[in-house]
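Both ligands and their constituent atoms are indexed starting at 1 by order of listing. Count residues from 1 along the sequence.
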Amino acid sequence: MRVREDFPMLESRMNGKHLVYLDNAATTQKPAAVIDRMTQFMRHEYATIHRGVYTFSQLSTRECDLVRERCRRFVNAERASEIIFTRGATEAINLVAASFGRKFLKKGDEIIISEMEHHSNLVPWQALCEEKGLLLKVAPINDKGELLLDEFEKLLAARTYFVAITHVSNALGTINPIREIIKMSHHAGAAVLVDGAQAAPHLKVDVRDLDCDFYCFSGHKIYGPTGVGVLYGKARHLEAMDPYQYGGDMIESVDFKKTTFAKPPAKFEAGTPAIVEIIGLGAAFDYLQKIGWEAIHAHENELLDYATQALSQIPGLAIIGTAQEKASLISFVLDGIHPHDIGTVLDQEGIAIRAGHHCTQPVMKHFKVPATARASFAFYNTREEVDALVKAIHKVLEIFR
Ligand code: C6P
């Protein structure tokens with residue numbers, strides 16, 4: 001794909017070498033279309049939203065509203081008011097735990113998560129369970145890193161009212177059979193939140209087809225800026241939920257005796273939002289639409305196959321996460337070599353990967369490793385970059401063996 005020139009950062013050098021950026025699951029690089037749109041907006045259009053009667057404020061308000069509508073289309077929600085702008089996936093999950101969880105879950109009720117959750121989709125539920133006397137159940141995975149669907153189904157019980165599950169695992173790459181999970185959960189009477197932080201960059205999300213109750217992702221992982229993310233929620237839930245935070249722009253009327261709240265989405269967006277970042281996110285949606293999901297899938301799947309083949313041939317290398325359905329991400333360990341050492345040598349070769357527990361300590365425990373090295377690919381990565389990764393791993397072996 002001829003997209004590399006769209007990304008100024010990809011021209012960079014790191015430690016004297018051409019940058020090979022393979023940390024896309026942490027955050028993606030930004031196309032000029034996003035950078036330029038934000039700069040243009042700040043230089044020539046910027047003003048606060050919702051509060052001003054003057055022209056620039058009204059124009060900024062309209063631009064942000066248009067992004068909400070673009071986001072509605074991006075996830076195929078029914079209404080733009082089902083789209084809440086948050087700071088990211090983490091805040092979106094905390095919002096649902098605090099607002100939906102606190103209001104509707106009662107002592108003795110159950111929440112199911114999976115063993116492969118990112119801490120952002122584990123700790124908020126654990127804290128809620130401690131606070132309210134709920135039971136947190138964990139659906140197990142097998143040694144390929146696949147969710148055990150039968151075991152998941154067995155966990156669904158009369159008092160299971162909530163399921164919080166990742167669409168794609170950031171540590172393993174596993175794509176969960178999310179439609180089936182949602183169907184089973186609904187059958188048992190549970191509402192479902194899908195953590196789409198690692199899915200939204202790779203898969204076409206269709207919240208109506210999935211029929212999920214909540215879906216969230218972060219702007220910075222889909223080629224947009226940091227500081228903005230999205231929570232989709234079904235209208236009936238958002239209407240029934242209490243606000244997450246209180247302040248300006250989320251009220252209907254305020255009096256010392258009583259305050260009434262605005263309707264969603266404003267009810268959940270207290271304070272001045274990340275205006276510039278929202279504009280940048282809109283440019284990211286446009287950019288992704290221009291590239292097209294078909295082209296993204298074809299390239300990323302091809303790259304994943306190529307990299308899996310190449311890495312599998314390296315002596316002493318074990319891939320952690322070998323699910324049948326995977327997004328373009330490979331976690332691996334090298335016999336006797338700490339992942340941080342791998343990351344450090346690769347850095348000297350100009351290659352950016354992530355080494356660590358990836359905020360998924362239970363996954364590391366399952367596979368009995370302290371950490372993994374993780375190469376994660378975007379549609380702008382190339383076979384040559386995979387070759388550079390393989391060559392650099394051989395260098396690691398030479399140094400540490
Ligand atoms: N994962 C990584 O894997 P925030 O930080 O709010 O943008 O996203 C949190 C988050 C939630 N769920 C999943 C599945 C994720 O992968 C992440 C972020 C990054 O490198 C950082 S740990």
Nearest neighbour of atom 19 (C) of ligand 1 from the list H358, H118, K221, on a heavy-atom basis: K221
Closest to atom 11 (C) of ligand 1 (judged by heavy-atom distance), picking from N94, D195, L329: D195
N or O pair under 3.5 Å between E91 and ligand 1: no
Heteroatom proximity flag, Q198 to ligand 1, N/O under 3.5 Å: yes
Between S57 and T48: side-chain donor-acceptor atoms closer than 3.5 Å: no
Exercise: do D143 and H366 side chains pair donor with acceptor under 3.5 Å: yes
Charged N-O contact under 4.0 Å between R401 and E398: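 E398 and R401: not salt-bridged.
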Just to check, does [X] reach to within less than 4.0 Å of ligand 1 when the distance is taken from its heavy atoms?
X	result
H119	no
N121	no
H220	yes

Shortest protein contact, atom 2 (C) of ligand 1 (heavy atom only):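 Looking at atom 2 (C) of ligand 1, the protein heavy atom closest to it is R354 NH1, 3.1 Å.
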Taking distance alone, no hydrogens or angles, what donor-acceptor pairs closer than 3.5 Å link side-chain atoms of residues 244-251 to residues at least two apart or in another chain?
from: D249; atom 1: OD2; to: H50; atom 2: ND1; distance (Å): 2.8

Side chain to side chain, M9 and Y21, heavy atoms closer than 4.5 Å: no
Atoms in ligand 1 flagged as close to C359, the criterion being non-hydrogen separation under 4.0 Å: 22 (S)
Numbered atoms of ligand 1 (with element) below 4.0 Å of A26, judged on heavy atoms: 2 (C), 20 (O)
T90, portion touching ligand 1 at heavy-atom distance under 4.0 Å: both
Please set out all donor-acceptor pairs under 3.5 angstrom arising from side-chain atoms of residues 369-376, sequence neighbours excluded.
from: T372; atom 1: OG1; to: S331; atom 2: OG; distance (Å): 3.1
from: T372; atom 1: OG1; to: H358; atom 2: NE2; distance (Å): 2.7
from: R374; atom 1: NH1; to: N170; atom 2: O; distance (Å): 3.0
from: R374; atom 1: NH2; to: D23; atom 2: OD1; distance (Å): 3.4
from: S376; atom 1: OG; to: L22; atom 2: O; distance (Å): 3.4
from: S376; atom 1: OG; to: N24; atom 2: N; distance (Å): 2.9
from: S376; atom 1: OG; to: A25; atom 2: N; distance (Å): 2.8

